[in-house]
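Excluded from the calculations below are hydrogen atoms, water molecules and symmetry mates; all remaining heavy atoms, backbone and side chain alike, are included.
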Amino acid sequence: MANSVYRFRALNENDLIALEEGYFWQSTACNLDDEFELNVKVCVKPPNINTQYKRYSCLVNKSKDDPNTPLLALNYLVKDEYLVQRFIENEMSRYENNSLNIRKFSGIVCFTNNDTSTHMWNTYGAEYRGAAFEYDSDKLFPDNLAGHDCYFGEVKYKHMSAPNKLNPIWPYLVEGERRTLLEKAVLRNLLGTKRIEFLPEAETRLCIVRSAKPQSQDWQKVKYQTKAIKKVSFGHLAQPEIIDRVTSFLGPDVEYWVTEPPKHENQEKINIIRL
């Protein structure tokens, strides 16, 4: 991941309060602009039962000394085709419900690797009335994410014309904590994947994976280190009083820049000069 990441803000009152209180507002996957964002379609057709017999039998024979393997359940299941099929269907239903909850309650904070894109300024910088904040990615969340299941890294882009299809047969080969870790690993990877159409945004994101709504009313706020701010680039249409409020709060240790007006309509990159 790059040493610096950027986050565009419209600099409305909510953005200014978040800056002054030192937090980012977490979006959820179901509220983002990609309809396939963590939109998981679980394959509900059970796999070939004979294949499952072989898999169970092999697992039982090789894992007799592994306390995390549900041997009694496996021994029981391999004797009855109907029970195997019902077990698979129940696991798929549970997995699909869990993925829906993760889509609703996992927090996502979006950054970019590019602060000169005219697309980003027009879309997320309030058409040059906002600003782009540059952060030191190593200092941004040094201790604030302890205890959370997180992913902080660059987004991977791929061609998608339908929701991700998952066949969650593998989770029930283990149980307890190991099963939870396996499921979260798959869904965490999905949180870091977007459609190829969004490639120009060059996104880096923070994902905090949750499978249930937290009890705290402020669960969508994630604290960060204000000292991680290295530079603020204001749009050339930003209001002077807004610029004064931001610079007064952050002080002289931060660099301040401003965009130049684009020279033509199809310009892809904007020039940024010292304020």
Side-chain angles (χ1 to χ4, degrees), residues 1-27 31-34 107-141 144 152-155 157 192 194 197-207 221-275:
M1 188 170 63
N3 292 331
S4 289
V5 292
Y6 305 89
R7 183 165 168 82
F8 284 83
R9 296 288 82 193
L11 294 185
N12 55 39
E13 187 62 24
N14 288 335
D15 290 334
L16 295 170
I17 291 174
L19 171 66
E20 293 165 353
E21 295 185 3
Y23 69 82
F24 296 127
W25 183 262
Q26 303 171 65
S27 301
N31 289 329
L32 295 180
D33 52 2
D34 186 350
I108 300 176
V109 182
C110 302
F111 303 89
T112 181
N113 297 331
N114 184 357
D115 67 338
T116 61
S117 164
T118 53
H119 165 75
M120 297 299 288
W121 276 101
N122 283 318
T123 306
Y124 301 106
E127 297 180 329
Y128 302 98
R129 293 177 176 83
F133 291 78
E134 179 182 353
Y135 303 91
D136 185 326
S137 56
D138 293 329
K139 297 178 181 178
L140 200 49
F141 305 108
N144 298 0
F152 183 39
E154 296 180 354
V155 166
Y157 297 90
K194 293 198 72 170
E197 288 86 343
F198 293 91
L199 180 61
E201 297 185 355
E203 184 180 340
T204 293
R205 60 168 47 171
L206 167 70
C207 301
K221 296 179 181 179
V222 57
K223 287 284 189 178
Y224 69 94
Q225 300 293 323
T226 306
K227 63 184 180 182
I229 299 176
K230 300 164 63 174
K231 182 179 78 173
V232 181
S233 299
F234 296 99
H236 55 276
L237 299 180
Q239 296 295 317
E241 60 271 20
I242 299 296
I243 295 176
D244 289 343
R245 182 171 170 180
V246 172
T247 55
S248 297
F249 174 74
L250 293 177
D253 294 333
V254 175
E255 294 183 9
Y256 301 105
W257 296 64
V258 65
T259 63
E260 292 184 325
K263 297 179 180 179
H264 54 84
E265 183 178 351
N266 296 323
Q267 185 173 329
E268 294 183 357
K269 290 187 177 182
I270 201 74
N271 292 325
I272 301 177
I273 60 174
R274 282 275 192 173
L275 183 62

Other residues, nucleotides, ligands: >12 heavy atoms within 6.0 Å of Glu241 CD: yes
SB check Glu154 Arg205 (cutoff 4.0 Å): no
Nearest heavy atoms of Leu11 and Ala131, plus distance in Å: CD1-CB, 3.7 Å
Under-4.0 Å salt bridge between Lys231 and Glu255: no
Approximate separation, where rounding is to 0.5 Å, of Glu260 CD and Gln267 CD: 9.0 Å
Test item: Asp115 and Met120 side chains (from C-beta on) under 4.5 Å apart, heavy atoms: no
Closest non-hydrogen atom pair between Thr247 and Asp244, with its separation: OG1-O, 3.2 Å
Leu16 vs Asn14 side-chain heavy atoms within contact, under 4.5 Å: no
Min side-chain heavy-atom separation Leu206-Ile108 under 4.5 Å: no
Ile272 side chain near Val258 side chain, heavy-atom distance below 4.5 Å: no
Audit row: Asn3, Asp136, side-chain contact (heavy atoms from CB on, under 4.5 Å) steps and yes/no: CA-CA 6 Å; Asn3 292 331; Asp136 185 326; 5.5 Å; no
Spacing of Ile273 atom CD1 and Ser233 atom OG [to the nearest 0.5 Å]: 10.5 Å
Stacked cation flag Lys223 on Tyr23, 6.0 angstrom / 45 deg: no
Side chain to side chain, Trp121 and Thr259, heavy atoms closer than 4.5 Å: yes
Reference residue Phe111; test ring pair (Phe, Tyr, Trp, His ring centres under 6.0 Å); the match among Tyr124, Phe8, Phe133, Phe24: Phe24
Atom pair OG1 (Thr226) and CG (Leu140), whose distance is rounded to the nearest 0.5 Å: 9.5 Å
N/O donor-acceptor pair under 3.5 Å between Glu21 side chain and Ile17 backbone: no
Minimum-distance pair of heavy atoms, taken over all atoms of Tyr128 and Pro262: OH-CG, 4.2 Å
Side chain to side chain, Val109 and Phe152, heavy atoms closer than 4.5 Å: no
Test side-chain hydrogen bond (donor to acceptor under 3.5 Å, both in side chains) applied to Ser4 and Lys230, step by step: CA-CA 9 Å; Ser4 289; Lys230 300 164 63 174; 2.7 Å; yes
pair Trp25-Asp15: side-chain heavy atoms closer than 4.5 Å: no
Euclidean distance, Tyr256 OH relative to Arg274 CZ, rounded to 0.5 Å: 11.0 Å
Between Thr204 and Asn113: side-chain donor-acceptor atoms closer than 3.5 Å: yes
Spacing of Tyr157 atom OH and Lys194 atom NZ [to the nearest 0.5 Å]: 6.5 Å
Value rounded to 0.5 Å, distance of CD1 in Ile242 from CG in Asn12: 9.0 Å
Criterion side-chain contact (heavy atoms from CB on, under 4.5 Å) on Glu201 and His119, from CA distance to verdict: CA-CA 8 Å; Glu201 297 185 355; His119 165 75; 3.7 Å; yes
Presence of salt bridge, Glu203 and Arg7, under 4.0 angstrom: no
Leu275 vs Trp257 side-chain heavy atoms within contact, under 4.5 Å: no
NZ/Lys227: more than 12 non-hydrogen atoms of other groups inside 6.0 Å: no
